[in-house]
Q: 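I have a structure I would like to understand better, so I am pasting it below and will then ask my questions one at a time.
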Amino acid sequence: MPHKPLQSVSTNNAPLTWQQELATAFTQPQQLLHYLELDISDINQLVDMNLATDSFSLLVPISYAQRMQKGNPDDPLFLQVMPSAQELKSIPGFNTNPVGDIQALATPGLLHKYYGRVLLITSGACPIHCRYCFRREFPYHQNQISPRQEQQALTYIAQHTEIKEVIFSGGDPLILTNRRLAQLIKSLEAIPHLKRLRIHSRVPVTLPSRIDDGLLQLLAKTRLQTTLVTHANHANELQSTDVMNTLNQLALVNVRLLNQSVLLRGVNDDAHTLAVLSEALLDAGIMPYYLHLLDKTSGTSHFDLSDSEAQAIYLTLQGLLPGYLVPKLVREIQGKQSKTLQ
């Protein structure tokens with residue numbers, strides 16, 4: 001059925017809170033198609049979209065959808081979030097645990113893959129559901145740091161004095177309340193050998209209203225050196241005054257900003273597109289960090305590029321940008337001691 005058009009402000013003209021924006025996000029393919037003035041007349045295609053949504057739900061905040069070009073089925077932001085019949089195909093080499101997260105669990109919700117740093121699965125929730133997500137099949141119900149499981153993880157970190165950095169990941173850690181984030185950070189600050197906090201989050205790009213004063217104050221006062229790794233794949237994701245203001249606010253509280261992207265067929269598989277992204281990131285005060293080759297997760301094969309295609313794009317990219325704006329082209333391989341340069 002047609003979806004009632006959403007607005008970025010409430011009926012009394014006050015901006016939506018981030019919780020309200022999530023509550024009014026698009027959750028059905030027909031809703032998003034209607035909003036973007038896209039007509040899908042093929043009933044089988046609609047059925048397949050809905051089947052893909054049953055497997056991995058659709059979630060797109062209105063503020064993100066507003067950056068999509070209406071009437072364009074090839075819009076690079078739309079392609080990242082729209083369910084596809086191709087997700088239903090079983091492709092050899094694509095599986096539910098592509099980078100060995102399950103094998104790396106040291107305690108429930110705590111991954112220890114690389115020397116000197118660990119990763120906390122802080123939440124299974126995200127502000128947006130990207131169709132290429134490498135954790136779309138991750139068993140969050142068993143493996144996220146609930147308050148009950150937190151002590152196990154803290155004990156492990158305290159016992160391993162070589163750990164200098166903790167990474168908040170998910171899901172998306174910034175979906176947690178400020179109170180819960182403060183509890184986690186305070187517990188980590190009490191471990192003397194910890195120096196750094198890294199937060200991997202798509203929130204600043206997809207739900208900028210979440211970066212409120214309380215969160216900024218929390219990040220400003222921690223003793224841990226804080227880096228926020230954003231996730232933008234295309235320059236159009238940064239074409240928002242709210243996004244730019246949010247990134248500026250994070251920089252003002254001395255949060256280091258890096259970005260990681262995923263190389264995606266149909267979205268950013270072009271050196272000039274990636275060069276524009278790097279320039280836009282620099283304008284936003286963010287340094288390009290990683291360009292990931294696709295993690296081969298079930299349902300994502302239509303986004304994949306061959307290694308030779310990726311390397312050709314990357315070689316051209318290196319000729320378009322100064323070295324400091326060229327992200328490292330990497331793949332995550334289970335059992336390796338670090339990301340593998342390609």
Side-chain angles (χ1 to χ4, degrees), residues 93-107 109-122 130 132-135 138 143 145 153 156-157 159-173 188 191 193-202 224-233 255-264 268 274 277-278 281 286-297 300 303-311 313-315 317-318 321 323-342:
F94 287 75
N95 60 72
T96 61
N97 182 37
V99 296
D101 278 352
I102 303 301
Q103 291 84 347
L105 287 164
T107 69
L110 178 70
L111 278 67
H112 195 178
K113 290 185 179 182
Y114 306 135
Y115 182 83
R117 53 207 185 274
V118 292
L119 183 148
L120 288 176
I121 301 292
T122 58
C130 305
Y132 55 86
C133 179
F134 74 102
R135 289 202 181 114
F138 187 79
N143 292 292
I145 298 297
Y156 180 92
I157 295 169
Q159 290 173 344
H160 289 75
T161 57
E162 78 279 8
I163 297 173
K164 306 301 181 188
E165 180 176 34
V166 172
I167 302 166
F168 284 179
S169 186
D172 197 304
L188 294 175
I191 300 175
H193 55 265
L194 286 182
K195 293 183 177 181
R196 297 184 297 277
L197 172 65
R198 195 191 325 169
I199 302 171
H200 285 191
S201 177
R202 197 132 156 78
L224 300 171
Q225 299 172 8
T226 304
T227 298
L228 196 154
V229 183
T230 62
H231 178 181
N233 298 313
V255 173
R256 182 183 295 106
L257 296 173
L258 305 175
N259 184 73
Q260 57 183 353
S261 305
V262 181
L263 187 58
L264 301 167
N268 59 8
L274 293 170
L277 171 60
S278 281
L281 289 168
I286 308 173
M287 292 303 297
Y289 175 40
Y290 279 150
L291 176 60
H292 289 269
L293 297 180
L294 183 75
D295 295 320
K296 295 182 182 296
T297 308
T300 68
F303 289 113
D304 197 25
L305 282 83
S306 69
D307 286 1
S308 60
E309 288 175 305
Q311 288 161 358
I313 292 168
Y314 194 67
L315 182 62
L317 180 64
Q318 288 176 306
L321 293 170
Y324 64 89
L325 282 184
V326 181
K328 295 177 182 178
L329 180 65
V330 297
R331 184 188 295 284
E332 184 167 355
I333 300 174
Q334 181 179 340
K336 295 291 185 179
Q337 293 182 341
S338 66
K339 301 290 192 299
T340 302
L341 297 176
Q342 297 295 300

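Just so it is clear, the model here is predicted, and its values are computed rather than measured.
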Q: Taking the side chain as everything from C-beta on, heavy atoms only, tell me whether Asp307 gets closer than 4.5 Å to Arg331.
A: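 Answer yes - side chains close enough.
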Q: I need the Asn95 CG to Lys296 NZ distance, nearest 0.5 Å.
A: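 So the gap between those two atoms works out to 10.5 Å.
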Q: Return the CZ to CG distance between Arg202 and Asn233, rounded to the nearest 0.5 Å.
A: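 Those atoms lie 5.5 Å apart.
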Q: Pairing donors with acceptors under 3.5 angstrom, does anything connect the side chains of Gln311 and Ser308?
A: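 Side chains of Gln311 and Ser308: no pair found under 3.5 Å.
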Q: State, yes or no, whether a side-chain contact exists between Phe134 and Val99 at a heavy-atom distance under 4.5 Å.
A: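 Result yes, sub-4.5 Å side-chain heavy-atom pair found.
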Q: Do Ile121 and Asn143 have side chains that approach each other closer than 4.5 Å (heavy atoms only, starting at C-beta)?
A: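 Side-chain contact under 4.5 Å: no.
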Q: Just by modelled atom types, is the Val118 backbone N or O under 3.5 Å from a matching donor or acceptor in the His160 side chain?
A: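 Here the side-chain-to-backbone pair does not exist.
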Q: Under a 4.5 Å cut-off applied to non-hydrogen side-chain atoms, are Lys328 and Tyr289 in contact?
A: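 A side-chain contact is absent here, since even the closest heavy-atom pair is not under 4.5 Å.
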Q: Are any non-hydrogen side-chain atoms of Leu120 and Ile167 less than 4.5 angstrom apart?
A: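 Of all side-chain heavy-atom pairs linking Ile167 with Leu120, none is under 4.5 Å.
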Q: Please check if the side chain of Tyr132 supplies one atom and the backbone of Asp304 the other of a donor-acceptor pair under 3.5 Å.
A: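 Checking the backbone N and O of Asp304 against the side chain of Tyr132, no donor-acceptor pair under 3.5 Å is found.
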Q: Mind checking whether Tyr290 and His292 have parallel, tilted or perpendicular rings, split at 30° and 60°?
A: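 The arrangement is perpendicular - the two ring planes meet at more than 60°.
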Q: How many angstroms lie between atom CE of Met287 and atom CG of Leu257, to the nearest 0.5 angstrom?
A: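 So the CE of Met287 and the CG of Leu257 are separated by 11.0 Å.
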Q: Nearest 0.5 Å please: distance from the CG atom of Leu291 over to the CG atom of Leu317.
A: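 Between atom CG of Leu291 and atom CG of Leu317 there are 7.5 Å.
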Q: How far apart are the C-alpha atoms of Arg135 and Asp295, what are their side-chain angles, what is the distance that settles it, and do they pass the salt bridge (Lys or Arg N to Asp or Glu O under 4.0 Å) test?
A: CA-CA 9 Å; Arg135 289 202 181 114; Asp295 295 320; over 6 Å; no
Q: Distance check, rounded to the nearest 0.5 Å: Arg196 atom CZ versus Leu188 atom CG?
A: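 Nearest 0.5 Å value for the CZ-CG distance: 13.5 Å.
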Q: Heavy-atom distance under 4.5 Å between the side chains of Ile199 and Val229, does that happen here?
A: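 Ile199 vs Val229: side chains apart.
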Q: Testing the 3.5 Å rule here: is there a donor-acceptor pair between the side chains of Arg198 and Ser169?
A: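 There is no such pair (donor and acceptor under 3.5 Å, judged by atom type) between the side chains of Arg198 and Ser169.
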Q: With side chain to side chain contact (heavy atoms under 4.5 Å, CB included) as the test, pick out the partner of Leu224 among Ile191, Leu194, Val166.
A: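 Going through Ile191, Leu194, Val166 one by one, the side chain to side chain contact (heavy atoms under 4.5 Å, CB included) with Leu224 is satisfied by Leu194 alone.
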Q: Short question: side chain of Glu309, backbone of Ser306 - any donor-acceptor pair under 3.5 Å?
A: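 Answer holds: yes.
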Q: Say you draw a straight line from CZ of Arg117 to CD1 of Ile157; how long is it, rounded to the nearest 0.5 Å?
A: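 Arg117 CZ to Ile157 CD1: 14.0 Å, rounded to 0.5 Å.
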Q: Side chains of Asn97 and Gln334: any donor to acceptor distance under 3.5 Å?
A: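 Note: Gln334 and Asn97 side chains miss the donor-acceptor criterion.
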Q: Is there side-chain contact between Leu294 and Leu305, with at least one heavy-atom pair below 4.5 Å?
A: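 No, every pair of side-chain atoms sits at 4.5 Å or beyond.
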Q: I'd like to check Asp101 versus Phe138 (side-chain heavy atoms, cut-off strictly below 4.5 Å). Are they in contact?
A: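 With C-beta onward as the side chain, the pair touches.
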